[in-house]
Amino acid sequence: MKQALVKLLEKSIQAGIDKGFLPPVAPSHIEVELTKDPGHGDYASNVAMILASQVRKNPREIAKILSAEIEDRDGVLEKVEIAGPGFLNFFIREGGLARLLETVDRQGEQYGSSNLGQGRRVQIEFVSANPTGPLHIGHARGAVVGDVMANILEAVGYRVFREYYINDAGNQMNNLGKSLLLRYRELLGGTAEFPEGCYRGDYIRELASELLKRDGDRHLHEKPEELIPLFTDYAAGAILEGIKEDLLIFGCVFDLYFSERELYREDGVGKLLRELEEKDFVYREGEALWFRTTAFGDEKDRVVVRQNGDPTYFAADIAYHRNKFQRGFETVIDIWGADHHGYIPRMSAAVQALGYEKDALKVILVQLVNLLREGKPVAMSTRSGEFVTLREVVDEVGKDAARYNFLMRRSDSHLDFDLELAKKQSSENPVYYVQYAHARICSILRIAAERGHAVPAFAGADLSLLQLPEEIELVKGITRFPEVLEGAARTLEPHRLTFYLNDLAALFHSYYNKNKVISEDGALTGARLFLSRSVLTILKNALKILGVSAPEKM
RNA sequence: GGGCGAUUAGCUCAGUUGGAUAGAGCGCUGGUCUCCGGAACCAGAGGCCGUGGGUUCAAGUCCCACAUCGCCUACCA
């Protein structure tokens with residue numbers, strides 16, 4: 001419909017030019033939008049005002065010319081009005097909008113999908129928590145944002161690859177091994193003094209007793225130098241398995257867990273550094289090797305090889321990102337904690353230095369989650385190992401409520417997550433609001449079938465009977481779905497989907513409370529069932545993208 | 001000190017990239033069940049969009065300055 005109106009406008013502009021009413025002009029693009037106020041018609045365009053500065057005429061005058069030149073051959077328009085400073089308001093003929101439901105009926109589960117991405121390959125890296133401890137609540141938000149973003153991109157036609165970068169190299173890993181060894185010795189009667197940087201969470205203690213059960217005390221007699229790597233591998237392996245399991249339960253499935261160690265094993269970092277040296281992107285100063293990131297907009301150059309000869313985390317990360325592009329991804333999306341925002345210019349600089357477009361790397365920042373219980377903050381401290389794990393949250397409030405709640409804000413704004421609220425089965429909990437609408441429609445369809453009303457086929461439904469303002473609003477809401485998905489994909493803002501769903505559910509709840517879907521009037525019942533099932537299709541499709549279940553009964 | 005981000009209803013936040021009378025949830029006040037699901041709905045009160053300038057037909061949205069708050073500012077990862 002929107003496209004059709006844009007075409008009509010394009011033609012009318014051309015006609016205006018041909019007849020000499022307008023100088024030869026070409027607006028960059030013609031905007032047609034659904035109106036918020038029924039008094040403004042169904043669709044509106046601001047072209048006349050956009051053209052005003054070029055044409056050097058009063059916008060209302062231009063609008064007048066355009067509306068006179070509109071040739072509505074298919075007869076979809078009731079009328080076109082000029083309003084306000086120069087808006088063109090389109091009123092669609094009665095029943096014209098409802099015909100848009102045909103697409104929903106025809107596409108079913110595919111409705112909302114598009115080919116915006118044209119099959120282009122996108123890699124999306126998220127969570128990527130160090131395997132030094134279980135995932136906690138902070139990781140959960142990044143996991144949902146990444147997973148849903150990936151689903152959205154898939155829906156609009158991208159080929160998406162989901163990846164988790166395992167930070168399994170570096171000092172922290174040694175500290176992990178050391179921590180496990182200390183706990184292991186402690187179990188055998190030793191005393192544990194934890195140096196700086198060690199992990200003292202209970203999960204280490206559990207790993208130690210499992211190891212003791214498996215191997216007995218034989219490690220006690222081996223040399224510490226040989227022991228640490230062994231303990232490190234054991235701990236990292238076990239923790240990573242736990243992470244994968246937690247993510248699976250949370251509904252996040254990855255195509256690849258990419259190991260940093262693997263990167264070193266195949267000399268990815270070494271190759272990268274040699275290449276940077278050849279291209280003169282690095283220089284030596286004070287025994288360290290520096291990357292000229294300032295050449296690409298960073299505020300200072302960054303060290304890639306330390307004085308002691310070890311590459312920095314940044315060096316490995318550059319090598320990893322190059323690896324991504326070498327695998328043929330056109331766009332690479334990283335999801336980071338917002339506290340890493342200062343890292344963006346340097347990574348962007350590196351990507352550009354490697355010869356890729358600046359836009360090829362996109363970063364979504366995810367702000368902190370304030371975990372609350374009954375409005376009061378839950379104390380957490382990573383260092384002491386006291387934190388609420390992702391697993392605990394999912395066990396307590398459920399996957400659906402957790403996932404939905406994490407998408408109730410823009411990802412880059414702070415989010416309060418209240419455990420008690422997320423468990424409540426009430427209107428305070430938005431996930432139920434949407435799921436309830438879904439269950440309610442299922443129930444209506446069930447009862448209708450019992451009473452002998454089947455949902456008619458499109459050809460057999462008289463949708464022109466859908467004339468109530470609420471019905472028109474519902475139809476408009478339904479037709480917005482593909483645009484919402486595309487907008488979320490374009491801006492990388494998954495929260496748009498939850499806001500849209502709340503709106504649509506509200507429209508339906510309101511409609512339901514005011515009107516009977518099933519009545520004595522067979523034709524009207526058929527039309528309303530058709531409309532209701534269209535809403536159901538959207539709810540189902542959208543919830544699937546969110547990774548939230550769509551229950552038929554609650 | 002420098003950089004980034006924020007500031008919208010009592011609270012928590014949206015605001016579709018510059019459009020018409022700024023929205024939602026919670027909270028508050030008062031209503032709706034002879035009924036297809038009350039986990040729902042309806043009505044009402046509540047606003048100097050941090051402050052001051054600028055850009056234009058049009059600014060919550062773009063530019064500049066200031067104020068307040070948060071984050072970053074490692075040869076850690």
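Model, not experiment: these values are computed from the prediction. In what follows, every chain begins at residue 1, and chains take the letters A, B, ... in the order their sequences are listed.
- Across all strands, Arg410(A) comes closer than 4.0 Å only to sugar-phosphate atoms, never to a base (heavy-atom distances).
- The side chain of Lys36(A) sits closest to A20(B) out of A20(B), G15(B), G37(B).
- Separation of the Phe406(A) and Phe417(A) ring centroids falls under the 6.0 Å cut-off.
- Rounded to whole Å, atom P of A58(B) lies 18 Å from atom CD of Glu31(A).
- Between the CG atom of Leu504(A) and the P atom of A14(B) there is a distance of 21 Å, rounded to whole Å.
- Helical stems in RNA chain B, defined as runs of 3 or more consecutive Watson-Crick or G-U wobble pairs with both donor-acceptor distances under 3.5 Å, are listed by first residue as B:1-7 with B:67-73, B:10-13 with B:23-26, B:28-32 with B:40-44, B:50-54 with B:62-66.
- Separating the C1' atom of C11(B) from that of G27(B) is a span of 8 Å, rounded to the nearest Å.
- Closest contact between the side chain of Phe499(A) and the listed nucleotides C41(B), A14(B), U12(B) involves A14(B).
- The glycosidic torsion of U55(B) lies more than 90° away from 0, which places this base in the anti conformation.
- The side chain of Tyr433(A) contributes an N or O atom lying less than 4.0 Å from OP1 or OP2 of C41(B).
- Taking the six-membered ring for Trp and the full ring otherwise, Tyr165(A) and Tyr320(A) have centroids separated by under 6.0 Å.
- Between the side chains of Arg440(A) and His509(A), at least one donor-acceptor pair of N or O atoms lies under 3.5 Å.
- Nucleotides C42(B) and A24(B) have their P atoms positioned 10 Å apart, rounded to a whole Å.
- Using a 4.0 Å heavy-atom cutoff across all strands shown, Glu552(A) reaches at least one base atom of the nucleic acid.
- The residue Ser443(A) sits close to a base: some heavy atom pair falls under 4.0 Å.
- Residue Glu552(A) qualifies as open at atom CD: its count of foreign heavy atoms under 6.0 Å is 12 or below.
- In this model, the phosphate group of C36(B) is approached by a side-chain N or O of Arg451(A) to a distance below 4.0 Å at OP1 or OP2.
- Between G25(B) and A67(B), the distance separating the two P atoms is 38 Å to the nearest Å.
- Across all strands shown, Ala169(A) has heavy atoms under 4.0 Å from sugar-phosphate atoms exclusively, and none from any base.
- When each of A77(B), C36(B), A14(B) is scored by its nearest atom to the side-chain atoms of Ile518(A), the top-ranked nucleotide is C36(B).
- One interatomic measurement links the two molecules: CG of Asp334(A) to P of A77(B), which rounds to 18 Å at whole-angstrom precision.
- Between U12(B), G15(B), C35(B), one nucleotide has an atom nearer to the side chain of His495(A) than all others, and that is G15(B).
- By the stacking rule of 5.5 Å between ring centres and under 30° between planes, Tyr436(A) does not stack on the base of A40(B).
- Taking atom CG of residue Asn513(A) and atom P of nucleotide C33(B), one finds them 12 Å apart after rounding to whole Å.
- Asp168(A) places a side-chain N or O within donor-acceptor distance of the main-chain N or O of Arg261(A), the cut-off being under 3.5 Å.
- In this structure, Thr491(A) reaches the bases: a heavy-atom distance under 4.0 Å links it to at least one base atom across the strands shown.
- The P atoms of C71(B) and A77(B) are separated by 23 Å, rounded to the nearest whole Å.
- Here, U16(B) and U61(B) have their P atoms 12 Å apart, quoted to the whole Å.
- Atom C1' of nucleotide A20(B) and atom CG of Leu88(A) are separated by 13 Å, given to the nearest angstrom.
- Nearest-nucleotide positions on RNA chain B place Val517(A) closer to the 5' end than the other of Val517(A) and Tyr313(A).
- Counting only heavy atoms from C-beta on, His40(A) has its side chain closest to A20(B) among C41(B), A20(B), A14(B).
- At a cut-off of 3.5 angstrom, counting only N and O atoms as typed in the model, there is a donor on one side and an acceptor on the other between the side-chain of Asn89(A) and the base of A20(B).
- Taking the ring axis of Tyr500(A) as reference, the NZ or CZ atom of Arg480(A) does not stay both within 45° of it and closer than 6.0 Å to the ring centre.
- Salt-bridge annotation for Glu33(A) and Lys2(A): absent, with no side-chain N of the basic residue lying under 4.0 Å from a carboxylate O of the acidic one.
- Using a 4.0 Å heavy-atom criterion, one finds that Ala439(A) contacts the bases of the nucleic acid, with or without backbone contacts as well.
- When heavy atoms are screened at a 4.0 angstrom cut-off, Ala83(A) is found touching base atoms of the nucleic acid.
- Side-chain nitrogen and oxygen atoms of Arg440(A) include at least one within less than 4.0 Å of the OP1 or OP2 phosphate oxygen of G38(B).
- Look at the P atom in both C48(B) and G23(B): the space between them is 15 Å, to the nearest Å.
- The separation of A74(B) from U51(B), taken at their P atoms, amounts to 35 Å, rounded to a whole angstrom.
- As judged by a 4.0 angstrom heavy-atom cut-off over every strand, Asp298(A) is placed among residues making no nucleic acid contact.
- Contact annotation: the side chain of Gln367(A) never approaches that of Arg410(A) to less than 4.5 Å [non-hydrogen atoms, C-beta and beyond].
- For A14(B), one of the phosphate oxygens OP1 or OP2 lies less than 4.0 angstrom from a side-chain nitrogen or oxygen of Ser413(A).
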Tabulate protein N/O versus nucleotide N/O from nucleotides 72-75 of chain B, keeping only pairs under 3.5 Å, one per line.
unit_1: C75(B); atom_1: O2; unit_2: Gln307(A); atom_2: N; d: 2.5
unit_1: C75(B); atom_1: N4; unit_2: Gly286(A); atom_2: O; d: 3.2

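- Between Ser510(A) and C42(B), a side-chain N or O to OP1/OP2 separation shorter than 4.0 Å is present.
- Relative ring orientation between Tyr343(A) and Tyr313(A) is described as tilted, the plane-to-plane angle lying within the 30° to 60° band.
- With a 4.5 Å cut-off on side-chain heavy atoms, Glu470(A) and Leu507(A) do not count as touching.
- Taking atom P in both C63(B) and C4(B), the straight-line distance is 12 Å, to the nearest Å.
- With distances taken from any side-chain atom of Pro85(A) to the nucleotides C36(B), C57(B), A77(B), the minimum falls on C57(B).
- When rounded to the nearest whole Å, the span between CG of Asp503(A) and P of C13(B) equals 19 Å.
- Counting non-hydrogen atoms under 4.0 angstrom, Ile447(A) reaches the backbone sugars and phosphates but no base.
- Nucleotide C26(B) holds its C1' atom 12 Å from the CG atom of Asn429(A), rounded to whole Å.
- A perpendicular orientation is assigned to the rings of Phe499(A) and His495(A), their planes being inclined by more than 60° (bins at 30° and 60°).
- Both thresholds, 5.5 Å between centres and 30° between ring planes, are met by Tyr512(A) relative to the base of C36(B), so the two rings are stacked.
- The CG-C1' distance, from Leu372(A) to C11(B), rounds to 13 Å in whole Å.
- For Thr294(A) (side chain) and Glu299(A) (main-chain N/O), no donor-acceptor pair under 3.5 Å exists by modelled atom type.
- Projected onto RNA chain B by closest heavy-atom contact, His509(A) and Ala44(A) fall at different nucleotides, the more 5' of which corresponds to Ala44(A).
- Nearest heavy-atom pair, Ile478(A) versus Ser534(A), reported as atom, atom and distance to 0.1 Å: CD1-CB, 3.8 Å.
- Contact annotation: the side chain of Leu497(A) approaches that of Ile545(A) to within less than 4.5 Å [non-hydrogen atoms, C-beta and beyond].
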